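Notes for the one structure printed next.
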Amino acid sequence: MKIHTIVVSAGSGKRFGSQKPKQYQIIHNKTILQHSIFALSQVSQLSDCYLVVSANDDFAKTLDFAMPIHWVIGGKERMNSVFHGVEAIWHSKHRQSNDWVLIHDAGRPCVNPVDIEKLITQVQQHPAGGILAVPVRDTVKQSLSTTHGLLSNATLDRNQLWLAQTPQIFPLEKLYHYLQQAIEQHIPFTDEASLFEHFGEKPLLVEGSHTNIKLTYPEDLLFVEMFLR
């Protein structure tokens, strides 16, 4: 099972509210991006990384990384950036049609390499790929927008709800063709699992860890700093 790795680092992180993109925040003398790639480097099945950055990113290439890097220019949205990474793999001279692609967000530096290995092991016999995810722990409310504000309209069954994480891993050939169709038909999706779901596939849910948070808001830095310490 040959696995190509993509790290998506082309976003500006608007919700983070900083002039510096969140993946370039410094914790313990390394950027969030470097921490994320270091975690991937601890998995023996992953040997190199297709790093997707924005066209005007002059900073990433000044950094040292724990894996060999293939540079890819991202797109307008995340789905376009992932497609650019997959397209680079598809046209590389080393790829085979039965290869797999593992996709990780630059803003998840706390992922556990053991969980990644578990994902890879469990997904090998599942042709629709799979993702790390965690079951929802809190009571989940469905909102209703009214003139009085947002109201609690219903309580959902949390036993059927999971929070999707990355990495997510899929067969290269399926991923490439599904992405092509989504781009051509302007089909939006928020992660690669939702792309596969759109085309009738059911990716495997592999339980990860609640510590694998996505750096989204400034207060998330406190947790990341404590975890990486």
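Values in this document were obtained by computation on a predicted structure and should not be read as measured data.
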Students often mix this up, so state it plainly: with edges at 30° and 60°, are the rings of Y176 and F83 parallel, tilted or perpendicular? parallel

Non-hydrogen atoms of A39 and P109 that approach each other most closely: CB-O, 4.4 Å

Side-chain donor/acceptor of Q23 to backbone N/O of S9, under 3.5 Å: yes

Do the non-hydrogen side-chain atoms of Q165 and V111 ever get within less than 4.5 Å of each other? no

Between N112 and N212, is a side-chain contact (heavy atoms from CB on, under 4.5 Å) present by the stated rule, with each step listed? CA-CA 7 Å; N112 189 334; N212 182 20; over 6 Å; no

Worked check of side-chain contact (heavy atoms from CB on, under 4.5 Å) between I131 and F170: CA-CA 9 Å; I131 71 172; F170 303 96; 4.0 Å; yes

Under the 3.5 angstrom rule, does the side chain of D220 hit a backbone N or O of T216 as a donor-acceptor pair? yes

Is the closest basic N to carboxylate O distance between E207 and K118 below 4.0 Å? no

Cut-off 3.5 Å, side chains only: do S194 and D191 have a donor facing an acceptor? yes

A164 and Q168 have their tightest heavy-atom pair at CB-NE2, 4.3 Å

Let me check something: do L172 and Y178 share a hydrophobic cluster, defined by ILVMFWY side-chain heavy atoms less than 4.5 Å apart, either directly or through other members? yes

Using the rule that two of Ile, Leu, Val, Met, Phe, Trp, Tyr join whenever any of their side-chain heavy atoms come within less than 4.5 Å, decide whether I213 and I27 are in one cluster. yes

For the OH atom of Y24 and the CD atom of Q34, what is their distance to the nearest 0.5 Å? 9.5 Å

Main chain of N159, side chain of D157: is a donor-acceptor contact present, judged purely on distance under 3.5 Å? yes

Is any side-chain heavy atom of E87 closer than 4.5 Å to a side-chain heavy atom of Q180? no

What residue among H104, K214, E192 forms side-chain hydrogen bond (donor to acceptor under 3.5 Å, both in side chains) with T166? H104

Are the side chain of H91 and the backbone of V86 linked by a donor-acceptor contact shorter than 3.5 Å? no

Are Y50 and V7 packed together at the side-chain level, in the sense that at least one heavy-atom pair is separated by less than 4.5 angstrom? no

Give a yes or no answer on whether the side chain of R158 reaches the backbone of R137 with a donor-acceptor pair at less than 3.5 Å. yes

Between V123 and G130, which heavy-atom pair has the shortest distance, and what is it? CG2-N, 3.2 Å

Examine W90 together with H4 and report whether their ring centres are nearer than 6.0 Å. no

Rounded to the nearest 0.5 Å, what separates atom CD1 in I116 from atom OG1 in T5? 8.5 Å

V134 to G208 - nearest heavy-atom pair and separation: CG1-C, 3.7 Å

Please examine the side chains of I6 and C49, heavy atoms only from C-beta on, and report whether any two atoms are closer than 4.5 Å. no

Carefully, step by step, assess K2 and W100 under the rule side-chain contact (heavy atoms from CB on, under 4.5 Å). CA-CA 6 Å; K2 183 177 179 180; W100 288 65; over 6 Å; no

Sub-4.5 Å side-chain heavy-atom contact between K22 and I32: no

Step through the shown structure and confirm whether more than 12 heavy atoms of other residues, nucleotides or ligands are within 6.0 Å of CD on Q185. yes

I'd like to know whether CD of Q142 has more than 12 heavy-atom contacts from other residues, nucleotides or ligands below 6.0 angstrom. yes

Taking A106's backbone N and O only, do any of them form a donor-acceptor pair with S36's side chain (distance below 3.5 Å, no angle check)? yes

How about E77 and I183: do any of their side-chain heavy atoms sit closer than 4.5 Å? no

For the hydrophobic clusters of this structure (ILVMFWY residues joined by side-chain heavy atoms under 4.5 Å, transitively), does one cluster hold both I3 and L132? yes

Does one hydrophobic cluster hold both V82 and L102, with members joined at side-chain heavy-atom distances below 4.5 Å? no

Cluster check V8, F189: I/L/V/M/F/W/Y, side chain < 4.5 angstrom: yes

Within the structure provided, determine whether M1 and Q45 are in side-chain contact (heavy-atom separation under 4.5 Å). no

Look up atom CG in L195 and atom NZ in K174, then write down how far apart they are to the nearest 0.5 Å. 11.5 Å

With rounding to the nearest 0.5 Å, note down the distance linking OG in S54 to CD1 in I73. 7.5 Å

Any chance you could measure I187, atom CD1, to L179, atom CG, to the nearest 0.5 Å? 10.5 Å

Criterion side-chain contact (heavy atoms from CB on, under 4.5 Å) on I89 and V101, from CA distance to verdict: CA-CA 9 Å; I89 294 170; V101 180; 4.2 Å; yes

Roughly how far apart are K30 NZ and F65 CZ, rounded to 0.5 Å? 10.0 Å

Residue pair S152 / K141: nearest heavy atoms and the distance that separates them: OG-CD, 3.3 Å

Nearest non-hydrogen partners of G75 and S81, listed with the distance: N-OG, 3.0 Å

Heavy atoms of other groups near F38 CZ, more than 12 under 6.0 Å: no

Pairwise side-chain contact, F59 with T31, heavy-atom cut-off 4.5 Å (strictly under): yes

